[in-house]
Protein chains: 2
Amino acid sequence: MATIRDVARHVGVSPATVSRVINGVPGFSADTRERVEAAVAELGYEPDTLARGLRTMQSAVIGVLATAVSDALASQVMSGIESAARSRGYTVMLGRAGLGAEHAPSYLRSFKTYRAAGVVVISSAITGDMRRIAGARLPLMAVAIRNGDVFPSLAIDDEQAAYDGTRRLLELGHREIGLLAGDESSMLVNAPRERGYQHAMAEADAPTLVERGNSLYDSAPPALGRLLERAPRLSAVFALSDEMGAAAINELQRRGRRVPEDVSVLGFDNTRTSQHVHPALSTVAQPLERMGEQAVFGLLDGTWRSRIFEHRLIERGSTASAPSPAPSRKRNLP
Amino acid sequence: MATIRDVARHVGVSPATVSRVINGVPGFSADTRERVEAAVAELGYEPDTLARGLRTMQSAVIGVLATAVSDALASQVMSGIESAARSRGYTVMLGRAGLGAEHAPSYLRSFKTYRAAGVVVISSAITGDMRRIAGARLPLMAVAIRNGDVFPSLAIDDEQAAYDGTRRLLELGHREIGLLAGDESSMLVNAPRERGYQHAMAEADAPTLVERGNSLYDSAPPALGRLLERAPRLSAVFALSDEMGAAAINELQRRGRRVPEDVSVLGFDNTRTSQHVHPALSTVAQPLERMGEQAVFGLLDGTWRSRIFEHRLIERGSTASAPSPAPSRKRNLP
DNA sequence: TTGTAAGCGTTATCAA
DNA sequence: TTGATAACGCTTACAA
C-alpha cells in the first residue's frame with residue numbers, strides 16, 4: 001500500500017503538500033494540485049485512516065448500539081444510519097447491547113477508543129452510566145425512545161400517537177378495544193403508549209382492557225387469549241408493536257374470527273412485519289429510517305438536540321368499522 | 001483520556017513495561033504486574049486502538065458487506081457475526097453494498113484502510129474486482145452463497161436442499177408443484193435451487209411449473225397468480241425465499257384456498273419471517289447465525305476455506321398431504 | 001526483569 | 001506556495 005511519502009516522492013514535493021492537496025487545505029498551486037492528484041490515482045493511494053485518526057484525534061466512524069441486531073425496528077433505523085453515514089464519508093460500527101444493555105459499556109469503551117464521532121442508541125435508554133463511560137468527547141443520541149430531557153433523542157410522541165390510534169378505533173365505532181402492551185423492561189416507550197390509550201378510552205367513557213406481552217410475536221397469542229377471555233365480544237385490538245399485531249391477526253383468524261369484519265387490529269411502528277400479514281396490518285408509523293438519518297446528521301453537525309417526529313396513522317386492511325352489534329337476546333324480548 | 005505514559009509514570013516504570021503487561025508479553029515480575037494493573041484500573045486507562053493499529057498494522061475490526069441492512073436474512077447472519085466478533089474482542093463495521101454491489105468497492109477500501117482483519121460478504125458474490133481491491137492483506141469470505149471454488153464461502157448445498165424440499169412435497173403426494181423462483185440477479189443462489197427442483201420433478205415424472213419473483217414479499221402475489229393461471233389445480237407451492245412463501249400463504253388464503261388443506265406452501269431460508277404467518281411456514285432452513293459465526297472464526301483463524309453446511313427441513317403448519325383429487329368428471333362418466 | 005529509542009502514516013506548526 | 005519537523009499513542013528490537 002502506497003503511503004503519502006510515496007506520492008510525495010513520485011511528484012517531487014513534500015508529504016505536507018500532498019496532505020494539503022488531499023484535504024483541501026489552502027496552500028498549493030493549481031499545477032502541483034494536478035500533479036499530486038495524478039500521482040494519487042496512479043499509485044492508488046488511500047490515506048491511512050488509523051494514522052490520520054491518531055493524528056487528528058478523531059475518526060470517521062459512527063457507533064450504533066442496538067438491543068438486538070436482527071430486530072426489524074433496529075434494522076430499519078440502521079438502514080437510515082448507514083445511508084446518512086455513507087453520504088458523509090463515515091462508516092458504521094455495530095454493537096449489540098443486549099436486552100439489559102449489558103454489553104453497552106464495553107461497546108461504548110470500544111467506540112471511544114476508536115474515536116468515533118458519536119453513537120446512536122436504538123430504542124433503549126441512555127443511562128448515566130453510559131454517559132459517564134462515553135465521556136465528553138463522545139456524544140450519544142437515542143432514537144425511537146425518549147425520556148423528557150434526560151437524554152437527547154429523536155422520537156415520536158408515543159402518548160399522542162397511541163391516543164390518536166385509539167381515537168381512530170373509537171371513531172370507527174369500536175368500544176371494546178383490547179390493548180396488547182409490551183413488558184415492563186421497555187417502559188420508556190410502553191408507559192406513554194398505554195397512557196395514550198387510557199386517555200382516549202376514558203374520554204370516550206369506554207372500558208379499558210390491557211394484557212401484556214413482550215413486544216415479540218410469540219408473546220401475543222397467549223396475551224390475546226387472555227384478552228378474549230375477559231372480553232369475548234371485543235371488536236378491536238390495539239397492539240403496541242407490529243409483531244404483536246401480526247400475531248394477533250393470525251391468532252384471531254385461527255380462532256375463527258375474521259379480520260377486520262369481526263375484529264379490527266391496529267399495530268405500532270410500521271416495520272416491514274406489518275406488510276407481511278394478510279390482511280396487511282394498519283399501524284401507527286414512526287419514520288424510523290429518517291430518524292436514523294437525522295441522528296447521524298445531528299451527531300456530526302453538533303446539534304444533538306432532542307426532536308419529536310411526526311407519527312402517522314397508516315390504514316391498511318386490518319381495520320374497519322365496528323360490526324353492528326348482534327341483537328342481544330334480552331333486549332329483544334318484548 | 002489517560003495514555004500509556006500516564007500509567008507508566010504513575011507506577012514508576014517505563015511505557016514498554018506497561019505495554020508488556022497489557023498485552024501479556026513475557027518480561028515482567030508478578031509484582032510490577034499487579035502495580036500496573038492497579039494503575040490501569042485507577043486511571044481508567046484504555047489502550048488507544050488507533051495508535052495500536054497503526055503500530056501493529058492491523059486492527060480488531062471485522063467488516064461486513066450486506067446487500068441491504070434491513071434484510072431479514074442478512075440480519076440473522078449479522079447476529080452471528082456480532083456474537084463471534086465480540087467473543088474475540090473484535091468490533092463489526094457495517095457496509096451496505098446495494099443490490100448491484102455498487103458500494104462494495106468503496107466500503108472495501110474503507111475496511112482496508114481501517115486494517116480490518118477480514119470481511120464477510122453476505123449473500124452476494126465476491127467478484128474479481130472486489131478481490132483485487134481488497135488485496136492480499138484483507139481476506140474475504142462469502143456467506144449464504146457459493147460458486148464452486150471461485151471464492152471461499154460458507155453455504156448450504158442449495159441444489160440438494162431444493163431437491164430435498166421438492167422430494168418432501170412429492171412424498172406428501174403432491175404432483176402439481178409450482179416454483180416461486182427468485183430473479184436473475186441472484187442467480188448464484190437461485191439457479192442451483194431451481195435445478196434441485198427440476199431434478200426432483202423430473203425423477204418423479206411430474207410437470208414443472210416455474211414463475212419468477214424477486215425474492216421479496218411483494219413480488220410473490222403476481223407470480224403466484226401466474227402460477228395459478230397456468231395450473232389452477234396445483235396443490236403445492238415451493239417458494240425460494242421465506243418472504244415469497246409468506247406472501248404465497250396470504251395470497252392463497254385471500255383467494256379462498258386453505259393452507260395447507262388445499263395447497264401446501266414451502267419456504268426457504270428459515271428467516272424469522274417464516275414464523276410470522278399463519279399457518280407458520282414450513283421451510284428449508286439454513287443455519288444463518290452459525291454461518292455468520294463461523295465466517296468470522298475462519299477469517300480470524302486464517303482457515304478461510306469453503307465449507308458446506310447442513311440444511312434442514314422444518315415442517316410447520318403450511319405443508320400437508322396432497323388433497324385427494326376431486327373426482328374428475330370425465331373419468332366418472334360410465 | 002526492565003528501559004531506551006525508533007518508527008507506524010498522518011497532519012499541524014513554523015519558518016522559508 | 002512550499003518544506004522540515006514534531007507529535008499523536010503505541011509496540012518492539014535492542015541494550016542494559
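Throughout, protein chains are lettered first and strands after them, A, B, ... in sequence-line order, and every chain is numbered starting at 1. Predicted model, so just to flag it, every value in this text is computed and none were measured.
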Do we see a donor-acceptor contact under 3.5 Å between the side chains of B:Thr113 and A:Thr49? yes
Whole-Å distance, A:Gln58 CD to C:dT10 C1', equals 13 Å
Any N/O donor-acceptor pair, A:Arg52 side-chain to C:dT10 base, under 3.5 Å:
no
query: Does a side-chain N or O from B:Ser19 land closer than 4.0 Å to OP1 or OP2 of D:dT12, or not?
result: no
When rounded to whole Å, the CD1 to C1' distance for the pair A:Ile4 and D:dA6 reads 15 Å
Checklist entry - Quick one: does B:Met291's side chain get under 4.5 Å of B:Leu288's, heavy atoms only? => result yes
Worksheet entry | Any B:Asn147 side-chain heavy atom under 4.5 Å of B:Ile145 side chain | no
The nucleotide from C:dT2, D:dC10, D:dC8 with an atom nearest the side chain of B:Ala51 is D:dC10
- Query: Which part of the nucleic acid does A:Pro26 contact within heavy-atom distance under 4.0 Å: base, sugar-phosphate only, or nothing?
  - Reply: nothing
From the candidates C:dG9, D:dG9, D:dT12, the one with an atom nearest any side-chain atom of B:Ala16 is D:dT12
From CG of B:Leu50 across to C1' of D:dA7 the rounded distance in Å is 15 Å
Of D:dA13, C:dT11, D:dC8, the nucleotide closest to the side chain of A:Leu54 is D:dC8
- Message: Whether A:Tyr45 contacts C:dT10 is assessed here as follows: a side-chain N or O lying under 4.0 Å from the phosphate OP1 or OP2. Is that the case?
- Response: yes
- Query: Side-chain donor or acceptor of A:Arg55 under 3.5 Å from a matching atom on the base of D:dG9?
  - Reply: no
From CD1 of A:Ile22 across to P of C:dT11 the rounded distance in Å is 6 Å
Between B:Thr56 and C:dC8, is there a side-chain N or O to OP1/OP2 distance below 4.0 Å?
no
ask   = Do A:Phe309 and A:Arg290 have side-chain heavy atoms sitting under 4.5 Å apart?
value = yes
When rounded to whole Å, the CZ to C1' distance for the pair A:Arg5 and D:dA6 reads 12 Å
- Message: Any base atoms under 4.0 Å from A:Glu46, or only sugar-phosphate, or nothing? Heavy atoms, all strands.
- Response: sugar-phosphate
Any side-chain heavy-atom pair from A:Met78 and A:Val92 closer than 4.5 angstrom? no
Closest of D:dG3, C:dA12, D:dG9 to the B:Asp48 side chain is D:dG9
The nucleotide from D:dT11, C:dT2, C:dG9 with an atom nearest the side chain of B:Asn23 is D:dT11
Separation of D:dG9 atom P from B:Met1 atom CE, nearest Å, is 8 Å
A:Met57 atom CE is separated from C:dT11 atom C1', nearest whole Å, by 12 Å
Inset, instruction - With heavy atoms under 4.0 Å as the rule, sort A:Val13 into base, sugar-phosphate or nothing. - result: sugar-phosphate
What I'd like to find out is whether the side chain of B:Asn270 reaches to under 4.5 Å of the side chain of B:Gln286, using heavy atoms alone.
no
Here the distance between atom P of C:dT10 and atom CZ of B:Arg115, to the nearest Å, is 8 Å
If only side-chain N and O atoms of A:Thr17 are considered, is one of them under 4.0 Å from the OP1 or OP2 phosphate oxygen of D:dT1? no
